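For reference, the structure is listed below as structure tokens.
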Amino acid sequence: RQGIREYKGYNDGSASGAKFLLYDQLSDRVEAGLRVLLTLNNQISSKGMKSIFTPTVGAFIGLLAMAAPTPAARLADSLDARYAALHTAKEDAFWTARMGLAEDAAAAQSTLDRLDIELNSFLQDPAQLEGARAALAQVGAALTPAREPELRTRLEGWVRTFESHAIDRAPARELAARITQLEGQLEHARGEMELGYRAPDGNFVRATSVKLAAMLRSETDERLRRAAWDGLRSIERFVLENGFLEVLRERNRLGRMLGAEDYYDWKTRRVENLSKRQVFAWLDELEERTRATGQRAVDEARAAHGAQRLP
């Protein structure tokens, strides 16, 4: 039934949509009726009176009632279906925009930004977190033992997901949407960038970042390796001139608005349950423990290939 509710033709005025709508409404009524009958029968039986159903009919109704989806199961189904629809639409738009499949690149990026914001809004909505927690608390109330562990696992996953994304303040959610738009603008500008390298003869050769990285690793001509390095470095200058710093400023403003040192600190706390200081302390320890080995490798390379080939 939940799948029917996610069907594109559901309640759209078409003949097939009308059939789906009728089936959905009937399902609700049948389920509600079965639960009322089962509750009534249990109340009568508890008072020592004869059951209003034969044992066979009573057992059948009980099985039907238990097989019907509970509110917690319906919520889990709804969350699964909604996320799948949002995520699929966003990834399809991502592929279209990044692969240059649309005739209007700006429109494709605008569509991607809109769908990305819709997906983020779904994950950031604090009401989703409250609903998932409430549904998780209901698990076990009216489920068969075989279904309970699977439903509990699904809802626990949703609770953890929403805990990592939910933003309880409306101004912060608005700022998060603005950041998504800024990121989209930067990504579009980066996609339009004329990337490549300057060949030894002075001509500019267009090349992707993948090709430049491959040249940097495998090109035997040192001049071409340097040209590839300069080509990759040009991305840094380009993004700095096309909105990257504004993205950073707004991200950090969001992080501080939500009680963290900056955006990175907020993300690591929400997703990894670690502060930025903890992460950096581990990275400092890693650098310290590998410093001697790394320096030894650099010294050996200099001795083998000459100091001018290494920093």
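This structure is a prediction, so every number in the text was calculated from the model and none was measured.
Residues Q295 and D299 meet the side-chain proximity criterion, which asks for heavy atoms closer than 4.5 Å. Side-chain contact check for W282 versus E285: some heavy-atom pair is nearer than 4.5 Å. In this structure, the side chains of K276 and V279 stay at 4.5 Å or more apart for every pair of heavy atoms. Side chains of T208 and L195 form no contact here, defined as non-hydrogen atoms less than 4.5 Å apart. Side-chain contact check for R173 versus P126: some heavy-atom pair is nearer than 4.5 Å.
Taking hydrophobic clusters as Ile, Leu, Val, Met, Phe, Trp and Tyr residues chained together by side-chain heavy-atom distances below 4.5 Å, L129 does not share a cluster with V271. Under the 4.5 Å side-chain heavy-atom criterion for Ile, Leu, Val, Met, Phe, Trp and Tyr, V239 and Y197 are members of the same hydrophobic cluster. By the rule that hydrophobic residues join a cluster once side-chain heavy atoms approach within less than 4.5 Å of another member, L119 and L79 end up as members of one cluster. W266 and L274 fall into different hydrophobic clusters, where Ile, Leu, Val, Met, Phe, Trp and Tyr residues are linked whenever their side-chain heavy atoms come under 4.5 Å apart, directly or through other members.
Atom CD of E103 is surrounded by 12 or fewer heavy atoms from other residues, nucleotides or ligands within 6.0 Å. Counting heavy-atom neighbours within 6.0 Å of R98 CZ, excluding the residue itself, gives a total above 12. The environment of CZ in R256 is crowded: more than 12 heavy-atom neighbours from other residues, nucleotides or ligands sit within 6.0 Å.
The pair R133-E130 does not meet the salt-bridge criterion, since no charged nitrogen lies less than 4.0 angstrom from a carboxylate oxygen. The pair E156-R160 fails the salt-bridge criterion, with no side-chain N (NZ, NE, NH1 or NH2) lying under 4.0 Å from an Asp/Glu carboxylate O. Between R291 and E287 there is a salt bridge, with a side-chain nitrogen of the basic residue lying less than 4.0 Å from a carboxylate oxygen of the acidic one.
Remark: E300 pairs with no residue by the side-chain hydrogen bond (donor to acceptor under 3.5 Å, both in side chains) rule, at least two apart or across chains. E118 is linked by a side-chain contact (heavy atoms from CB on, under 4.5 Å) to L86, R114, L115, counting only residues two or more places apart in sequence or in another chain.
Rounding to the nearest 0.5 Å places CZ of F244 at 10.0 Å from CD of E183. Taking CZ of R249 as the start and CG of D262 as the end, the distance is 15.0 Å to the nearest 0.5 Å. Atoms CD and CG, from Q124 and D168 in turn, are 11.5 Å apart once rounded to the nearest 0.5 Å. Atoms OG1 and CD, from T96 and E91 in turn, are 11.0 Å apart once rounded to the nearest 0.5 Å. A distance of 13.5 Å separates CG in L75 from CZ in R82, rounded to the nearest 0.5 Å. Between the CG atom in L216 and the CG atom in L232 there is a gap of 6.5 Å [rounded to 0.5 Å].
Below 30°, between 30° and 60°, or above 60°: for F162 and W158 the angle between ring planes is below 30°, a parallel geometry. By the 30° and 60° cut-offs, the orientation of the rings of F122 relative to Y83 is tilted.
Using modelled atom types, no side-chain atom of R269 and backbone atom of N273 make a donor-acceptor pair closer than 3.5 Å.
Partner of L175 under the side-chain contact (heavy atoms from CB on, under 4.5 Å) criterion, out of I167, L258, L254: L254 alone.
Other residues sharing a hydrophobic cluster with L112 under the 4.5 Å side-chain heavy-atom criterion for ILVMFWY residues are F94.
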